[in-house]
Amino acid sequence: MVIVMKADASSNDIYHLEEFINSHGARTHVSEGEERTIIGVIGYNHQVKREHLLTLAGVEKVIPISKPYKLVSREFKKDNTVIYLNGVAIGQDSPVIIAGPCAVESEKQIMEIAHIVKENGGHLLRGGAFKPRSSPYSFQGLGEEGLQLLRKAKEETGLYIVTEILEAQYVPLVAEYADVLQIGARNMQNYELLKAVGRIDKPVLLKRGMSAQLNEFLMSAEYVMSEGNSQIILCERGIRTFVEYSRNTLDLNVVPAIKNISHLPIIVDPSHGTGRRDLIEPLSLAGLAVGADGLMIEVHPHPEEAWSDADQTLDPQAYKQLMHRISHFIKWQSYYKEEESLSQLK
Ligand code: PEP
Ligand code: MN
């Protein structure tokens, strides 16, 4: 259920309402809008009845939400969620580019690529320090040393850091270094991890599981939000299908579909979504065309020497060209939007 408060509801009304709900074993999630406050009721309790809530002071409407996900739905929050980070707005008008290597390998590698990401217009630096690998014999990441190198790259370039967290017990450690905590595809349904990142005050980048349905993806985001953290960036990174010419199939349908039913921003990762360097540029532009709020791109100073995901990693030249095309595409898109709004005025 979602409770919409009256525009003139007092903080006392909100306090009493929350107290009533909490004392009946359910929890609340308060979202303060510009005009009015909206309160999500989390956890089912038959004693918290809609009819009764309607009689409490300051309550305007009580909307039952039919979907299994509630806080992440547009029924709960009409306006897009925008996440602000170091002058970058994720989920607003302009797409955000997150770029960097699959894994942090050395100081030289991460410093070199951080400068290239920055100089060519990237907004955030990505790089794994803890890597979830299919084989236990593959490189597992540099661990805390990798986090320290990411911090150094941030100090040198000013780029904020996106890095993956694999286990709930490491949340305090990773949160000390990262600006955005990434939950990878393999952990999308690691509910303890989702709850742990739900309790911190840093944005979470949640990647879609490789066989997750849209509802499951949003339910995972609901886990994070139900713990209090609403700074969630969804990421479509491709799903497993019968195709064998690409690592995954980038499901771009999900971008406008999620925009319709959720207020959360969603970005696209064409690197993992295709597994192929030659497909990254067209699928990046396609992602932006269907309304993605940003892209996550793997780039390395020497992809042929990359310790992981070499085949889907751009070299600096290809990254530069991609960023150039993206900037043209964005200009074209804003020109088109402007034309459209002008013709509506006529
Ligand atoms: C990654 O971004 O490096 C990664 C491991 O991605 P995914 O979880 O989508 O496979
Ligand atoms: Mn990777």
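In each ligand, atom 1 is the first atom listed, and ligand 1 is the first ligand listed. FYI, the numbering just counts along the sequence from 1. Just so you know, these numbers come straight off a predicted model, no measurement behind them.
Residue contact annotation: Arg126 has a non-hydrogen atom under 4.0 Å from ligand 1. Taking 4.0 Å as the cut-off, Met210 does not count as a neighbour of ligand 1 on heavy-atom distance.
The pair Arg126-Glu298 counts as a salt bridge, with a side-chain nitrogen and a carboxylate oxygen less than 4.0 angstrom apart. Lys152 and Glu156 are not joined by a salt bridge, as no carboxylate oxygen comes within less than 4.0 angstrom of a charged side-chain nitrogen.
Geometrically, ligand 1 and Glu164 share no nitrogen or oxygen pair separated by less than 3.5 Å. Between Gln182 and ligand 1, at least one N/O pair is under 3.5 Å apart. The N/O atoms of Lys131, backbone and side chain alike, include one that comes under 3.5 Å of an N/O atom in ligand 1.
If you number the atoms of ligand 1 from 1 as listed, the ones under 4.0 Å from a heavy atom of Gly184 come out as 8 (O). Those atoms of ligand 1 with a heavy atom of Glu298 less than 4.0 angstrom away are 3 (O). Residue contact check: Arg237 has heavy atoms under 4.0 Å from atoms 7 (P), 9 (O), 10 (O) of ligand 1.
Other residues, nucleotides and ligands place no more than 12 heavy atoms under 6.0 Å from the CG atom of Asp201.
A search for salt bridge (charged side-chain N to carboxylate O under 4.0 Å, His left out) contacts involving Asp278 returns Arg276, not counting sequence neighbours.
Of the protein's non-hydrogen atoms, His272 NE2, 3.4 Å is the one closest to atom 4 (C) of ligand 1. Here the heavy atom of the protein found nearest to atom 6 (O) of ligand 1 is Lys207 NZ, 2.9 Å. Looking at atom 8 (O) of ligand 1, its nearest protein heavy atom turns out to be Ala185 N, 2.8 Å.
Listed by first then second residue, pairs satisfying ring-ring contact (aromatic ring centres under 6.0 Å, His included) with a partner in residues 209-267 read Tyr191-Tyr223, not counting sequence neighbours. For residues 135-146, every residue pair satisfying the side chain to side chain donor-acceptor pair (under 3.5 Å) rule, not counting sequence neighbours, is listed here: Glu144-Tyr177.
With a cut-off of 2.8 Å, the protein N/O/S atoms near the Mn ion (ligand 2) add up to 4.
The shortest heavy-atom contact between Leu314 and Tyr319 is CD1-CA, 3.9 Å.
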Set out, in order, the CA-CA distance, both residues' side-chain angles and the distance that settles ring-ring contact (aromatic ring centres under 6.0 Å, His included) for Tyr335 and Trp332, then state yes or no. CA-CA 5 Å; Tyr335 170 77; Trp332 171 81; 8.6 Å; no
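Between the side chain of Ser10 and the main chain of Asp13, a donor-acceptor pair closer than 3.5 Å is present.
Using the six-membered ring where Trp is involved, His24 and Phe20 have ring planes that are tilted, between 30° and 60° apart.
Of the options Ile258, Val72, Val268, Ile267, a side chain to side chain contact (heavy atoms under 4.5 Å, CB included) to Leu234 is made by Ile258 and by none of the others.
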